[in-house]
> 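What follows is a single structure, and I will ask about it in a moment.
Hydrogens, waters and symmetry mates are skipped; everything else that's a heavy atom, side chains included, is used.
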Amino acid sequence: MSGDGDVDADQKKSITGSDLPLAKVLAALASILRDSTGRFEETSDRIAQLVVARESGSGVDIIVALQEFDRLRQDFEAIEGILAGCAQVIESSAANDATHPLRAVIDEIPVVDFKNRLARRLVWVSQEPDTADAAFVEEA
């Protein structure tokens, strides 16, 4: 991974080409969902503290916390879109479609930061044995 948090060329190469395995996508997505849920709890607590201590806090702090809520909303919308796409892939798998449906679902995500985090997690999950998927989700 490059220093700026983007996916480096070797990682991009390992997640391009053939389609992504559904189990790997779901394991990576579960990890991101867990992180997003934790960030949601932290942001909620921070906003509650800022509102209670409004006299000592600045309006800027509340605005920053609300912006984090917006980023979380975007994460949850991306997760929703990927899960809906996974459901469509499962439904169409009997048709033996030669396209790369999961890759197309991920390509439609408008939030670049989310795509980068998902790509990093997919690379990590792909490097682990299949039996490690559950452990990855729990540890992440």
> State, to 0.1 Å, how close D75 and S36 come at their nearest heavy-atom pair, and which atoms those are.
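Between these two residues, the closest heavy atoms are OD2-OG, 3.3 Å.
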> I need the minimum non-hydrogen distance between L29 and L118, along with the two atoms involved.
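Heavy atoms only, the tightest pair is N-CD1, 4.3 Å.
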> Is a side-chain donor or acceptor of K115 paired with a backbone partner of D107 at a separation under 3.5 angstrom?
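It does hold such a pair.
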> So, for L26 and C86, which heavy atoms are closest and what is the spacing to 0.1 Å?
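Closest approach of L26 to C86: CD2-SG, 3.9 Å.
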> Between L66 and D70, is there a side-chain heavy-atom distance shorter than 4.5 Å?
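They are not in contact (no side-chain heavy atoms under 4.5 Å apart), so the answer is no.
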> Identify the two heavy atoms, one from V125 and one from K24, that lie closest to each other, and give their separation to 0.1 Å.
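So the minimum-distance heavy-atom pair works out to CG1-CD, 3.1 Å.
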> Could you tabulate the donor-acceptor pairs under 3.5 Å formed by side-chain atoms of residues 42-50, not counting sequence neighbours?
{"unit_1": "T43", "atom_1": "OG1", "unit_2": "R39", "atom_2": "O", "d": "2.8"}
{"unit_1": "S44", "atom_1": "OG", "unit_2": "F40", "atom_2": "O", "d": "2.9"}

> Can you list everything that forms a side chain to side chain contact (heavy atoms under 4.5 Å, CB included) with L33? Sequence neighbours excluded, please.
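For L33, the residues satisfying side chain to side chain contact (heavy atoms under 4.5 Å, CB included) (neighbours in sequence not counted) are T37, F76, I79.
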